[in-house]
Student: 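Let me begin by handing over the structure; questions about it come next.
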Amino acid sequence: MTTKNIGKPQDRVDGKLKVTGRAMYPGDRRMENLAYGYLLTSTVAKGSIRAMDTSGAERTRGVLAVYTPFNPLKLYRGLDSSEGANSGEIQPPLQDARILNYGQIIGLVVAESFEQARDAAALVTTQYDEDNPVASWETGMENAFTPEAVGGESATIKILSEGVSSIDDAIKDSPVVLDATYREPIYHHNPMEPHATTAVWQGDRLTIYDATQGVVAQRLDLAAVLGIDEDMVRVLCPFVGGGFGCKGSMWMFSPLTAAAARALGRSVKTILTREQMFTLVGHRPALIQRLTLGAKPDGTLQAVKHDVRSTVSFSKVFVEAAAHRTSRLLYKSTNIQVSQTLVPWNVGGPTFMRAPGCAPGMFALECAMDELAAKLRIDPIELRIKNNAEVFPGKNVPWSSKNLVECYQLGAQKFGWSKRNPEPGAIRDGDWLVGMGMASALYPAHRSQASVKVRLQADGTAEVSSATQDLGTGTWTVLAIVGADSLELPIEKIRPELGDSALPHAPTSGGSTSVASVTPAIQRAAESAKRKLIQFVLRDKRSPFFGMRAEDVVYRDGKIEGGGKSADFGSVLTAIGRGAVEAVEMAEPGEEEQKYAFHSFGAQFCELRVNRWTGEVRLQRITSVMDIGTVVNLKAARSQIIGGIVFGIGMALLEGSVLEEKTGRYGNANFADYLVATNADVPYVDVYFIDKPDTIFNPLGARGIGEIGITGMPAAIANAVYNATGNRVRDFPILPEKLLPLGLNQPAISMALR
Amino acid sequence: MRPFTYESPSSVLEATNPGHPDSAFIAGGTTIVDLMKLEVMKPPKVVDLNALPMRGIEMSPDGLRIGALEKMSDTAVHPEVAANYPVISEALLKSASAQIRNMASIGGNLLQRTRCGYFRDVNTPCNKREPGSGCPAIGGENRMHAILGTSSSCVATHASDLAVALVALEASVRLQSGASERLLTLDDFYLLPDGTPHQENQLLPGELITEIRVPRLPWATRSTYLKIRDRESYEFSLTSAAVALDVNGDQIRDARVAVGGVGTKPWNLPEVREALTGKPLTLETFVAAAKLAVAGAVPLKHNAFKIDLVQRTIIRALIKLGGLA
Ligand SMILES: Cc1cc2nc3c(=O)[nH]c(=O)nc-3n(C[C@H](O)[C@H](O)[C@H](O)COP(=O)(O)OP(=O)(O)OC[C@H]3O[C@@H](n4cnc5c(N)ncnc54)[C@H](O)[C@@H]3O)c2cc1C
């Protein structure tokens, strides 16, 4: 193993394919005999379908079939996570006439062309028996319930000191108390690539090109819903145009399309419209979080109470574990209590979205810490350092590696935190109020079982393959980098392969797990392949190393060396008439899981300005310091952090799905009205890494990096808005009207406007 | 999208020859193709204007003339436009995206349809799309909707930024159908919704906008377009102000003010203009004048903030032009 490539900035090995349009995404697949599906979706949020008239559509030129609850395709229920897979919805579509959310699948039109299918779909008329949907906190509360468990733990966790009978007593005993409630709307992932599927049957075998973050789980889910053997399904997804969690589950349009293809004896492709992306493939739940912090005057925390209400659908339970993943562990407080309640709404199934639990939880916790710091007149960083947890609260295990204090300090220095004026509204630049804010970043490090095949080939190249995925995150390049260093070869000699369920199994790429899980298996498979190679070359008469002793022959820098001879492995393989030597190895976490806690940490800073007349918030610069263990690809790592930050900007200032209370319809289900950050909204972003390998976690020392970048950003922005204006906006997104009239630095004259 | 026939005539006479009563013109297509895909517009016949001669941007002693087919992007950076009417350039450059501006025409821009989400979703009622079906925006999601010129049938804003600048400058549109031509001020051209929100302007079936005329206004060199929106780029306005200011020392000699994002049509504000004219160049003058902008405003559940915000928008634009910052 060398470290020639690991940690360097490396261009994406798949970059050229992508920018030249040659990377084939699932929706790009074309084949003979291809037909196109277009989904019909409900226009009420609750009730049932009384009747559907499909005659006009069926008469339309090119239409092959119109499937509805009255002319269904047989599908079975989906699998949930306890069954080893992860269907986004459990109930399959078209099996009954019930409606549980606006935009639910109520049919599929299949035609010779996409346009014909879409036009025919517009001719279908549907009559409903409509009920009033539940689409607001007020109406939802009567159905609120407590989840059975939150991430394997109880829905309420109490970590209380000896003699303290309840968290409320601990709060009562605290000299300084901060109690605040934070709200956020539903957010949608909205990757650039919409979900798409192309189903191809050969006899009983299904090959499906499916936009997914997990080809292996997708295969299991698809087989279950189609009622066929898993071994008859192959899922292919070499490229993903962004997932952010919404491609981490199987969604029902996919098996529905496959079932139509089976029934019609045609290959069928279905691509979701942007509007359908809002109701069929998940979202981050809406949340109301109440944070109560109790502290001594010096800032020592005595009580952290974090109560979360998050929405779910009537069809799927999903827990946005905002407190369990944040307040439960980030600070050492003598008393901690986190709890969760779920509130069902008539919306599509919720799901994980970039940094599930952590992104919303850190918004609340890190804003509350800022509020507490202001109340105590303590610097926010000092308050955090004072309460830094050395061991995982309640479990008393240490972290495998934690450098959070260093993140604060380096960040403060690089950002120029000392220039911050703690007095809100003190800094002005013309008509702009300027503010600085910071927050901690946090995300758990996960790792699970993964297998990799390494194949040393006679042409001198090496294939490194696994059924993992590249969501645009850079897994292709990670396979190449770690493969190259493990095999001591230049990157160009590595042929990575992924996104195919026929390859050795790897976990779904979600929760920032792929690099952590797959790279140990690459290292193992590389060692195995080298050992096998040497065995072969010792045994074969045609080999220059024939008859030597194993201990005299080594693999080094892509060559076999021994007895004064040296030859690259390709030529030796050629000489002995072998096409390749391959090894498959599995790696999984061990007993370290019981002895340590695993998290990535960070500190995020921003400076922004707020116009004192009109209230727009515009970011000026951002500094991020991340403690994520070993950096595998500096360029991609930086991109991942920036991507997370862009998500955080959206979450704090722009994004939010507008659910109409009366109808359960999203009022902004398109890219003109659901605002994601444009380039003009993203200022210069400075990213630093602590780069200390976490070798207790895995041999490479690399924790995941895909999600942590978002986690501190929303609070850092909200805190900077406070610093700029003196206004605490606890209700995301921070729109201009929530800041007007600006509380501070009002010219008397503009007061007269009121 | 419904099937339609397509023609590309080469003369205005031909293009305006009443063929099908429901036929539609297409210029850049950035509005109409969208709306056809959404089935909001279902013209059986589409007449492409791009082979017509309605082009050219010229400055004369009377003012500026812009051919209706000129692109938003070309108009925005035209030296005569940028030098003489910064408010027009700025309004254009703050509209849509570079890609859309490269396709979209000036005539099409003035005739773009509202961005009201109910108008654009055929699964909801909308009086503008289907007269008499109702207006869900009034009791629904209406943060982006109008506070001025609304009626019980419609509260949709007119979305064009350019139109706000042109209305402020008292521009006119030249219309032609067959051999007959007429000139209307843009302010008169647009109609209030009242009970007939589907009638948005005075254009007759088959009639074309052939050009835009902007009167000469030498002091419009001191003009600006301020657009307030949640994100920095690529979004329609929450509120906007097109303002020109004629300043003589510390006195205001004359002004032009119109606002966008708040009206069911581009909202000209002669009252504000009068309140500025002849007054001292002070913040007090601006604040007092801006107040008049919202006379008669009717807020809805989610857009009441616009009453305040639009005044602030005007004041901010005036501060910038008046050099008071
Ligand atoms: C995502 C997006 C964002 C946008 N953001 C903004 C924004 O911020 N600000 C803004 O002002 N605009 C914005 N727009 C609107 C855009 O400016 C208009 O779509 C564009 O100007 C229309 O011009 P066009 O030539 O493409 O019109 P077309 O789509 O070709 O036509 C529009 C309408 O006008 C008719 N028409 C066109 N030319 C004539 C003519 N000469 N005579 C008679 N009838 C004619 C057509 O029949 C049609 O009904 C945005 C559009 C999109 C899609």
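Numbers restart at 1 for each chain; the letters A, B, ... are given by sequence-line order, proteins then strands.
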Student: Would one find more than 12 heavy atoms of other residues, nucleotides or ligands at under 6.0 Å from atom CZ of Arg2(B)?
Tutor: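 Check passes, neighbour count above 12.
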Student: When you measure from the side chain of Arg222(B) to the backbone N and O of Gly322(B), does any donor-acceptor pair fall under 3.5 Å?
Tutor: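 No; judged by distance alone, with no hydrogens or angles, the pair does not exist.
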Student: Mind ranking Ser97(B), Ala304(B), Ser233(B), Gly117(B) by heavy-atom pairs under 4.5 Å with chain A and telling me who comes out on top?
Tutor: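 Going by pairs under 4.5 Å, I would pick Ser233(B).
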Student: At a heavy-atom separation under 4.5 Å, does Arg120(B) approach chain A through its side chain, its backbone, both, or neither?
Tutor: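 Neither part, no heavy atoms under 4.5 Å.
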Student: Whether the Asn611(A) and Arg618(A) side chains hold a donor-acceptor pair (N or O, under 3.5 Å, no angle test) is what I'd like checked.
Tutor: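 There is no such pair between these side chains.
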Student: Mind ranking Thr678(A), Val676(A), Leu675(A), Leu654(A) by heavy-atom pairs under 4.5 Å with chain B and telling me who comes out on top?
Tutor: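 Result: the option with the highest number of such pairs is Leu675(A).
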Student: Tell me if the CD atom of Glu232(B) is crowded by more than 12 foreign heavy atoms within 6.0 Å.
Tutor: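 Result for CD/Glu232(B): enclosed.
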Student: Considering only heavy atoms, which portion of Leu226(B) lies under 4.5 Å from any heavy atom of chain A: side chain, backbone, both, or neither?
Tutor: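 Neither; nothing under 4.5 Å.
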Student: Salt bridge check: are Arg115(B) and Asp673(A) linked by an N-O gap of less than 4.0 Å?
Tutor: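 No, this pair does not count.
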Student: Which atoms of Glu275(A) come close to chain B, meaning under 4.5 Å heavy atom to heavy atom: side chain ones, backbone ones, both, or neither?
Tutor: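 Side chain only.
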Student: Measure Tyr666(A) against the heavy atoms of chain B and call it side chain, backbone, both or neither at under 4.5 Å.
Tutor: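 Interface part for Tyr666(A): neither.
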Student: Where on Leu659(A) is there a heavy atom nearer than 4.5 Å to chain B: the side chain, the backbone, both, or neither?
Tutor: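 For Leu659(A), backbone heavy atoms alone lie under 4.5 Å from chain B.
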Student: With a 4.5 angstrom heavy-atom cut-off, could you sort out which part of Thr239(B) is near chain A: side chain, backbone, both or neither?
Tutor: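 No part of it gets close to chain A.
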Student: Could you tell me whether Tyr187(A) and Phe732(A) have their ring centroids closer than 6.0 angstrom?
Tutor: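 Distance test on ring centres: not under 6.0 Å, no.
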Student: Please classify the contact between Glu660(A) and chain B as side chain, backbone, both or neither, with a heavy-atom cut-off of under 4.5 Å.
Tutor: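 Both parts, backbone and side chain.
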Student: Looking at Asp731(A) and Lys738(A), is there a salt bridge between them, counting it only when a charged N and a carboxylate O are closer than 4.0 Å?
Tutor: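 Looking at Lys738(A) and Asp731(A), the cut-off is met.
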